[in-house]
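This report refers to the structure that appears directly beneath it.
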Amino acid sequence: MDKNKADKLDQYTDKICKDNLVPLWNVLGKLVTPEPKSPCQPTLWKYSTVRPVLLEAGSLLTAKEAERRVLILENPGMPGESKITTSLYAGIQLIMPGEIAPAHKHSQAAFRFILEGDGAYTAVGGEKSYMSKGDLILTPSGRWHDHGNESDQPTFWLDGLDIPLVQFLDASFMEHHSEDEHPHVIEDGDSVARYGSGLMPVDFKASSPTSPVIKYPYSRTREILDKMKKTDEWDPCHGLKLMYVNPVDGKSALPTMGAFMQLLPKGFTTSTYRSTDATVYSVVEGTGKTKIGDEVFEWEPNDTFVVPSWHHHQHFTDGECVLFSYSDRPVQQALGLWREDRGNR
Ligand code: GTQ
């Protein structure tokens, strides 16, 4: 373009900006990209780094003072934004013996994936779900929840929330309960007993798109993977991979976050894979490494790492490994946006 013409267009752009108008031709390439282009960076958080500093926070303030004693796993590609991916949040929460993290409710949905400890609980709507390593406990949007620790050990878990997604949609509401603990009006473990065994009350009407099962115990998850291992073929990209589902409709247990658990055999290398849902992994069992683009991340139990959208990646296992993961896949699928690429580079 000649200089005269370019100057005229610049003057034009300056002139219209006071009317809150912007020429699309200046920004189209940045807005509508040929492929996902994310500020999210592949990153690993070692549990051996997080645990001691979180315990230190345990001596600096109580769970009640903090409301939630959590260290956010913040993606270095989005500093100050409290995001692990562009749409999702992750944090590691600590509750000390005898503490209570007071009851509140919010639009944001959450899950707890238990890393360490036995006998702490999350109460949802007054129903306590006791925690053991590898359990997944849901906190659906808009439900009262408090956490407590009746054991004599500090308890650590990974918090996954859809905070950035709700923020993007400007749909956040939050309330504190008048008491620290919501009255324990429902028997402990009621939801698993009622809805977690392949039976549903006749004419059951779901009041929300979230699974009525609050807790998915690791003992059961691990048993399924062990059974599958005896008869099923390993998928080249995923090994054996399960999705946590809502038994009412077979869809994702939470409408905004898909959660998964996969088993990879000893000495396995997965085929190169990528998908549009940036994925957060929490290592449950085993050691290995993951190549994301050209970077290699070595992991061990309770480490967390993130694979950004549309980044080629491969897992390499030492021994048999179990990986938990979550992403915004159900949102992308509901909108017809989700894509995967199982091909090799
Ligand atoms: O436990 O309710 O990591 O409200 C961030 C926000 C945990 C919680 C987080 C929360 C919670």
Side-chain angles (χ1 to χ4, degrees), residues 43 45 47 50-51 53-55 57-58 60-75 78 80-96 99-117 120-131 135-150 154-169 171-182 184 208 210 214-216 253-254 256-257 259 280-282 302 304 306 324 326-328:
T43 310
W45 289 263
Y47 191 57
V50 179
R51 191 185 187 281
V53 287
L54 186 49
L55 263 183
L60 294 173
L61 81 179
T62 64
K64 188 171 165 147
E65 284 165 344
E67 187 161 342
R68 299 292 185 262
R69 190 193 291 108
V70 178
L71 292 178
I72 299 169
L73 307 183
E74 186 173 80
N75 195 286
M78 296 173 281
E81 296 191 37
S82 306
K83 299 173 176 180
I84 189 158
T85 71
T86 41
S87 61
L88 298 178
Y89 161 102
I92 311 269
Q93 183 158 173
L94 164 65
I95 185 156
M96 299 297 281
E99 285 191 322
I100 286 173
H104 68 198
K105 63 176 181 180
H106 39 69
S107 318
Q108 292 80 358
F111 66 76
R112 331 284 161 195
F113 184 67
I114 316 310
L115 303 177
E116 183 185 329
Y121 66 85
T122 285
V124 174
E127 175 190 341
K128 285 183 184 173
S129 293
Y130 284 92
M131 301 172 164
D135 292 350
L136 181 76
I137 299 178
L138 309 183
T139 313
S141 170
R143 303 284 304 275
W144 292 111
H145 55 283
D146 47 83
H147 315 299
N149 188 349
E150 296 169 359
T155 297
F156 298 82
W157 65 81
L158 172 71
D159 277 326
L161 285 92
D162 54 11
I163 292 173
L165 190 65
V166 174
Q167 184 179 40
F168 177 76
L169 298 170
S172 174
F173 293 93
M174 196 272 194
E175 275 177 68
H176 293 101
H177 201 272
S178 54
E179 293 164 78
D180 283 355
E181 290 178 90
H182 184 285
H184 296 127
S208 97
T210 300
I214 296 293
K215 173 166 128 175
Y216 294 73
L254 290 163
T256 50
M257 291 184 281
V280 181
Y281 287 87
S282 179
N302 289 351
T304 314
V306 58
F324 170 82
Y326 71 102
S327 77
D328 63 13

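Just so you know, ligand 1 is whichever comes first in the structure, and atom 1 is the first atom listed for that ligand. The first residue in the sequence is number 1, and the count goes up from there.
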Requested in this report: Can you measure from CD (Glu150) to OG1 (Thr155) and round to the nearest 0.5 angstrom?
Outcome: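 Glu150 CD to Thr155 OG1: 10.5 Å, rounded to 0.5 Å.
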Got the closest protein heavy atom to [atom], with its distance?
| atom | answer |
| --- | --- |
| atom 11 (C) of ligand 1 | Arg68 CG, 3.7 Å |
| atom 4 (O) of ligand 1 | His106 NE2, 2.9 Å |
| atom 5 (C) of ligand 1 | Tyr89 OH, 3.5 Å |
| atom 7 (C) of ligand 1 | Asp159 OD2, 3.3 Å |

Exercise. Report yes or no: does a heavy atom of Gln108 sit under 4.0 Å from some atom of ligand 1?
Key: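 In this structure, Gln108 fails to qualify as a contact of ligand 1 - no heavy atom is under 4.0 Å.
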Item checked: Heavy-atom gap Glu67 to ligand 1 smaller than 4.0 Å ->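 No; Glu67 lies far enough from ligand 1 that no heavy-atom distance drops under 4.0 Å.
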For [X], take its heavy atoms, then give the atoms of ligand 1 lying under 4.0 Å from any of them.
| X | result |
| --- | --- |
| Gln93 | 1 (O), 7 (C) |
| His104 | 2 (O), 4 (O), 8 (C) |
| His147 | 1 (O), 8 (C) |
| Val70 | 3 (O) |

Check your understanding: Should Gln167 and Ser172 be marked as a side-chain hydrogen bond (donor to acceptor under 3.5 Å, both in side chains) after you check the CA-CA gap, both sets of side-chain angles, and the distance that decides it?
Key -> CA-CA 7 Å; Gln167 184 179 40; Ser172 174; over 6 Å; no
| query | Can you check whether Phe173's main-chain N or O pairs, donor with acceptor, with Ser107's side chain at less than 3.5 Å? | reply |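 The answer is yes, because a donor-acceptor pair under 3.5 Å joins these two groups.
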Task: Any donor-acceptor pair under 3.5 Å from Glu67 side chain to Pro102 backbone - done: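 Here the side-chain-to-backbone pair does not exist.
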Chi angles and distances behind the side-chain hydrogen bond (donor to acceptor under 3.5 Å, both in side chains) call for His104, His145:
CA-CA 6 Å; His104 68 198; His145 55 283; 3.1 Å; yes
Next on the checklist: When you compare the side chains of Asp159 and Trp157, does any donor N or O come within less than 3.5 Å of an acceptor on the partner?
Outcome noted: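 Asp159 vs Trp157: donor-acceptor pair found between side chains.
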task: Return yes if a side-chain donor-acceptor contact under 3.5 Å exists between Tyr47 and Glu116, otherwise no.
output: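 Distance-only check passes for Tyr47 and Glu116.
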Worksheet item: What part of Leu161 sits under 4.0 Å from ligand 1 if we count only heavy atoms: the side chain, the backbone, both or neither?
Response: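 Looking at Leu161 and ligand 1, just side chain atoms fall under 4.0 Å.
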- Message: Holding to side chain to side chain contact (heavy atoms under 4.5 Å, CB included), I want the full list of residues that pass it with Leu55, two or more places apart in sequence or in another chain.
- Response: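 With sequence neighbours excluded, Leu55 shows a side chain to side chain contact (heavy atoms under 4.5 Å, CB included) to Arg51, Leu94, Met96, Pro154, Phe156, given in chain and number order.
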